[in-house]
Number of protein chains: 2
Amino acid sequence: MTDSLSERKQGKRERLVAGAREVIYRHGVETTTIADIAQAADVPVGNVYYYFKTKDELVAAAIDGHAQDAQAALRSLERHRAPQARLKALVRELMSQREQVADYGCPLGTLCSELDKRADGLDRSCSELLRLPVDWAEQQFRTMGRRDARDLAVALIAAYQGIALLTNTFRDPELMTREGRRLERWIDSLA
Amino acid sequence: MTDSLSERKQGKRERLVAGAREVIYRHGVETTTIADIAQAADVPVGNVYYYFKTKDELVAAAIDGHAQDAQAALRSLERHRAPQARLKALVRELMSQREQVADYGCPLGTLCSELDKRADGLDRSCSELLRLPVDWAEQQFRTMGRRDARDLAVALIAAYQGIALLTNTFRDPELMTREGRRLERWIDSLA
DNA sequence: GTCTATATTTAGATAGAC
DNA sequence: GTCTATCTAAATATAGAC
């Protein structure tokens, strides 16, 4: 039936995107090969091109996957009522990934850093991706009545991206724990 | 004479390292080819291998060049007497590079981000490179009598690295200007 | 729709003339 | 020491059998 066929098709496509995200996160965009992704997704190499015409299309799909997940994660934080609680929940959520970050960096940040060096459309997609948490944080600060909401949002996401870079470079998850506490105190001080 | 010969040799080697730093900064390590570097240094492609046995050796030389420059820049900041003045001078120095950063990111940060994905010795060199400003800042905070000098140093460099990533991703040097002012106020508040 | 075999391209590295 | 021509390896992409 078309159902089982299209399910298999969807299954492979999704596995390829998931594989691309995983391998790209671990090894970076440029060093990742189609063969690496195919292997991670358990799909024969030649078959990849049935679903994605080029490597860049696969990278674009991986970025889009990150965007979907980021939006869902941010929406989920809105279960908290107060904006301060939401912002601190974001910080805790981000800091809970410290072991992964120590090994491979922030999935969004490393992607932005690498793809910003390119002049094709992929760098703009990354820009939109990083704008999601900044816009969301700005909204929370604005609800708190801060006129400088944008600056604070930029400072918060920058603090996270920066500590993610140091945590990764020094392979020390403890750095994130300490900076997370500092950021929570900072958010409290703005209330 | 040997002088003119060794001068020419030094000249080419230095041009290759300078070219490598420039091209790698603009395009990233992985996408940069030996041919790109040779062209930037105005040296014939085949001749590169007389000075550097592999591409990685050239990358290592580029990292070392950054380390030398960073150390010199930090020493130069010590013309200021007070640690607060030194730290604020560091912030101003870093922020003065905002146009470059908007185009290509922080030279050290983008290098660390990209090379941390590798398991060869190059990732450790980057780690040492980023440790330079952190150690230096820690020293200043300690001179100020702060017991939490290390945390503050990590927070400062992280704030810079983070805002550099956002400035680059959003192609907006103004972000750095505003965050720079915030950091200077923050340093003053710790005095 | 799936997959193997292969064409094409490119980049790292080397041999050897000068 | 310098440089050209070329080898080799690897990765993207395609052709075409099933």
Side-chain angles (χ1 to χ4, degrees), chain A residues 1-24 26-63 114-115 117-122, chain B residues 1-24 26-63 114-115 117-122:
Chain A
M1 321 245 159
T2 40
D3 259 10
S4 78
L5 274 174
S6 68
E7 262 169 39
R8 276 223 293 278
K9 179 185 169 180
Q10 283 299 100
K12 282 204 180 180
R13 202 181 198 283
E14 277 158 19
R15 261 151 56 206
L16 282 169
V17 175
R21 286 176 59 173
E22 181 70 14
V23 184
I24 287 173
R26 292 180 123 95
H27 297 109
V29 175
E30 301 299 342
T31 60
T32 292
T33 68
I34 299 275
D36 292 336
I37 295 170
Q39 187 172 19
D42 197 30
V43 168
V45 206
N47 200 358
V48 173
Y49 288 91
Y50 176 73
Y51 298 95
F52 299 94
K53 274 195 283 292
T54 63
K55 179 183 173 182
D56 279 2
E57 268 191 33
L58 204 33
V59 176
I63 296 173
E114 195 177 358
L115 291 179
K117 305 249 171 195
R118 303 173 42 153
D120 49 21
L122 259 31
Chain B
M1 322 241 158
T2 39
D3 259 9
S4 79
L5 273 175
S6 66
E7 264 171 35
R8 276 224 293 277
K9 180 185 168 181
Q10 282 300 98
K12 282 205 180 178
R13 204 181 196 284
E14 278 158 19
R15 262 152 55 207
L16 282 169
V17 175
R21 286 177 59 174
E22 181 71 15
V23 184
I24 286 172
R26 292 179 122 97
H27 298 110
V29 175
E30 301 300 342
T31 60
T32 293
T33 68
I34 301 273
D36 292 336
I37 295 170
Q39 187 172 20
D42 198 30
V43 167
V45 206
N47 200 359
V48 173
Y49 288 90
Y50 177 74
Y51 298 95
F52 300 93
K53 274 194 284 291
T54 63
K55 179 184 172 181
D56 280 2
E57 269 191 32
L58 203 35
V59 175
I63 296 173
E114 194 177 359
L115 291 179
K117 305 250 169 193
R118 301 171 45 151
D120 49 21
L122 259 31

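Quantities reported herein were computed from a predicted structural model and do not represent experimental measurements.
The CG atom of A/Asp56 sits 5.0 Å away from atom OG1 of A/Thr54, with the distance rounded to the nearest 0.5 Å.
Counting heavy atoms from C-beta outward, B/Phe52 and B/Val17 have side chains that approach closer than 4.5 Å.
Proximity of A/Tyr49 to the phosphate of D/dT14: no side-chain N or O atom is located under 4.0 Å from OP1 or OP2. Under 4.0 angstrom from either OP1 or OP2 of D/dG1 there lies no side-chain N or O belonging to B/Tyr51. When the side-chain nitrogen and oxygen atoms of B/Tyr50 are compared with OP1 and OP2 of C/dT14, none of them lie within a distance under 4.0 Å.
For B/Lys117 (side chain) and A/Val29 (main-chain N/O), no donor-acceptor pair under 3.5 Å exists by modelled atom type. With hydrogens and angles ignored, the 3.5 Å screen pairs no side-chain donor or acceptor of A/Asn47 with any backbone N or O of A/Pro44. Checking side-chain atoms of A/Arg15 against main-chain N and O of A/Asp42 turns up a donor-acceptor pair under 3.5 Å.
Nearest nucleotide to the B/Thr33 side chain, out of C/dA13, D/dT12, C/dA11: C/dA11. Which of D/dA11, C/dC3, C/dG12 sits closest to the side chain of A/Lys12 comes down to C/dC3. Considering only side-chain atoms of A/Asn47, the nucleotide from D/dA13, D/dT4, C/dC3 that sits closest is C/dC3.
Here the P atom of nucleotide D/dG1 and the CG atom of B/Leu16 are 14 Å apart, to the nearest Å. Atom NZ of A/Lys55 is separated from atom P of D/dT14 by 15 Å (rounded to the nearest Å). If you measure from atom CD of A/Glu30 to atom P of D/dA10, you get 19 Å, rounded to the nearest angstrom. In this entry the distance linking CD1 of A/Ile34 with P of C/dC3 reads 16 Å, nearest Å. In this structure, CD of A/Gln39 is placed 13 Å from P of D/dT12, rounded to the nearest angstrom. When the C1' atom of C/dG1 is taken as reference, atom CZ of A/Arg15 falls 14 Å away, rounded to whole Å.
Across all strands shown, A/Thr31 has no heavy atoms under 4.0 Å from either base or sugar-phosphate atoms.
Each of B/Val43 and A/Gly46 has a nearest nucleotide on DNA chain D; the 5'-most of these lies closest to B/Val43.
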